[in-house]
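Structure record follows, encoded as structure tokens.
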Amino acid sequence: GAGVSQSPRYKVAKRGQDVALRCDPISGHVSLFWYQQALGQGPEFLTYFQNEAQLDKSGLPSDRFFAERPEGSVSTLKIQRTQQEDSAVYLCASSLAALAEAFFGQGTRLTVV
Amino acid sequence: QKEVEQNSGPLSVPEGAIASLNCTYSDRVSQSFFWYRQYSGKSPELIMSIYSNGDKEDGRFTAQLNKASQYVSLLIRDSQPSDSATYLCAVKEDSSYKLIFGSGTRLLVRP
């Protein structure tokens, strides 16, 4: 596709529900990143994939957060037992290589009620 | 804890004026510096990157970097109402893939 595609754009979850957020990176992009952006804040790093390998998950806030990229293309960020503090925009970005310019998707706005 | 600091604004300037956006960072090993523009409800979009001390110009945008003072700025000349957005400063350590963002400065260009 022309850009990084994320779905759904908006998700409302009841507290305790599990959610899955999808990211379709730009075709051929080896590197994929997930960031979390709270209201009025800048994005914060969650995790990084190089192809299918998750090389860094140091930013995941708890063990309720899990990300995968099994075939080195589409990635899914899963949040189990959602809490109110998980409400944020989740941004996916991809780049040709780790140090190359990263292009961001439109994000998924998650609201936990 | 690495920090990137920005004034949250809003910075309000009249159309045609120069908008000056500032950013300081705490980590002396930071080597790459970026300015992203983010319209409300949209994704961050890279508008400038700068790696060495001095100025870098691209159209109406000029990025300025002073590593000794740990300071990076973005100047927007001939500001237009369409420049109204939040501007995010981001830094990377040498050979790192992680972007560390400031909280952004909201810019308002008044017609």
Side-chain angles (χ1 to χ4, degrees), chain A residues 1-10 21 23-26 29-51 53-60 88-111, chain B residues 1-11 21-27 29-51 56 58 63 72 74 85-108:
Chain A
V4 179
S5 178
Q6 291 187 246
S7 61
R9 286 293 316 278
Y10 303 92
L21 313 179
C23 172
D24 243 295
I26 294 171
H29 278 197
V30 165
S31 298
L32 186 145
F33 307 83
W34 284 98
Y35 286 81
Q36 181 191 57
Q37 186 172 23
L39 193 63
Q41 300 298 312
E44 289 197 7
F45 173 83
L46 293 177
T47 187
Y48 164 62
F49 288 87
Q50 183 171 305
N51 295 307
Q54 188 175 21
L55 298 186
D56 187 341
K57 51 182 181 179
S58 63
L60 295 177
V89 175
Y90 291 85
L91 292 164
C92 176
S94 71
S95 61
L96 273 172
L99 303 184
E101 177 186 346
F103 294 87
F104 283 83
Q106 299 264 45
T108 294
R109 181 179 296 278
L110 173 65
T111 303
Chain B
Q1 177 73 16
K2 301 178 178 62
E3 286 188 356
V4 179
E5 300 286 342
Q6 294 182 257
N7 189 318
S8 61
L11 172 66
L21 303 159
N22 305 313
C23 172
T24 58
Y25 59 95
S26 63
D27 189 356
V29 301
S30 296
Q31 294 292 327
S32 307
F33 306 86
F34 305 86
W35 283 99
Y36 284 81
R37 178 177 60 200
Q38 188 173 29
Y39 292 111
S40 181
K42 303 293 186 186
S43 57
E45 174 195 6
L46 181 66
I47 52 172
M48 288 288 283
S49 57
I50 186 165
Y51 305 98
K56 179 182 176 184
D58 183 2
V72 58
L74 179 71
T86 295
Y87 288 80
L88 298 162
C89 172
V91 306
K92 265 193 203 183
E93 289 180 6
D94 192 26
S95 300
S96 173
Y97 43 77
K98 246 186 254 192
L99 286 166
I100 300 171
F101 285 88
S103 57
T105 298
R106 195 157 70 93
L107 173 66
L108 240 85

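First the proteins, then the strands, lettered A, B, ... as listed; each starts at 1.
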Handout entry: Heavy-atom proximity to chain B below 4.5 Å, by part of A:S58
Key = side chain

Practice task
Would you indicate whether the side-chain heavy atoms of B:S26 and B:E5 approach each other to under 4.5 Å?
Solution key: no

Exercise for the section: Can you tell which part of A:F103 gets under 4.5 Å to a heavy atom of chain B, answering side chain, backbone, both or neither? Expected result: neither

Handout entry: Among A:A98, A:P43, A:G42, A:G107, residue most engaged with chain B (heavy-atom pairs, under 4.5 Å)
Key = A:P43

Practice task
Ignoring hydrogens and angles, tell me if any N or O in the side chain of A:Q6 forms a donor-acceptor pair with the backbone of A:C23 under 3.5 Å.
Solution key: no

Handout entry: More than 12 heavy atoms from other groups under 6.0 Å of CD on A:E44
Key = no

Handout entry: Note, B:V91 side chain near B:D27 side chain (heavy atom, < 4.5 Å)
Key = no

Handout entry: Nearest-0.5 Å distance, OG of residue B:S103 to CG of residue B:N7
Key = 8.5 Å

Practice task
Could you tell me which of B:S8, B:G41, B:S43 has the largest number of non-hydrogen atom pairs under 4.5 Å with chain A?
Solution key: B:S43

Problem - Residue part contacting chain B, namely of A:L91, when any heavy atom lies under 4.5 Å - result: side chain

Exercise for the section: Against chain A, label B:Y36 side chain, backbone, both or neither, depending on which of its atoms sit under 4.5 Å from a heavy atom there. Expected result: side chain

Handout entry: For chain A, the option from B:E45, B:Q38, B:R106 that forms the most heavy-atom pairs under 4.5 Å
Key = B:Q38

Practice task
State the CZ-CD1 distance between B:R37 and B:I47, to the nearest 0.5 angstrom.
Solution key: 5.5 Å

Problem - A:A100 portion near chain B, given a 4.5 angstrom heavy-atom threshold - result: backbone

Practice task
For the residue pair B:Y87 and B:L11, establish whether any side-chain heavy-atom pair is separated by less than 4.5 Å.
Solution key: no

Fill in the blank from the handout: Honestly, the part of B:L88 sitting under 4.5 Å from a heavy atom of chain A is side chain

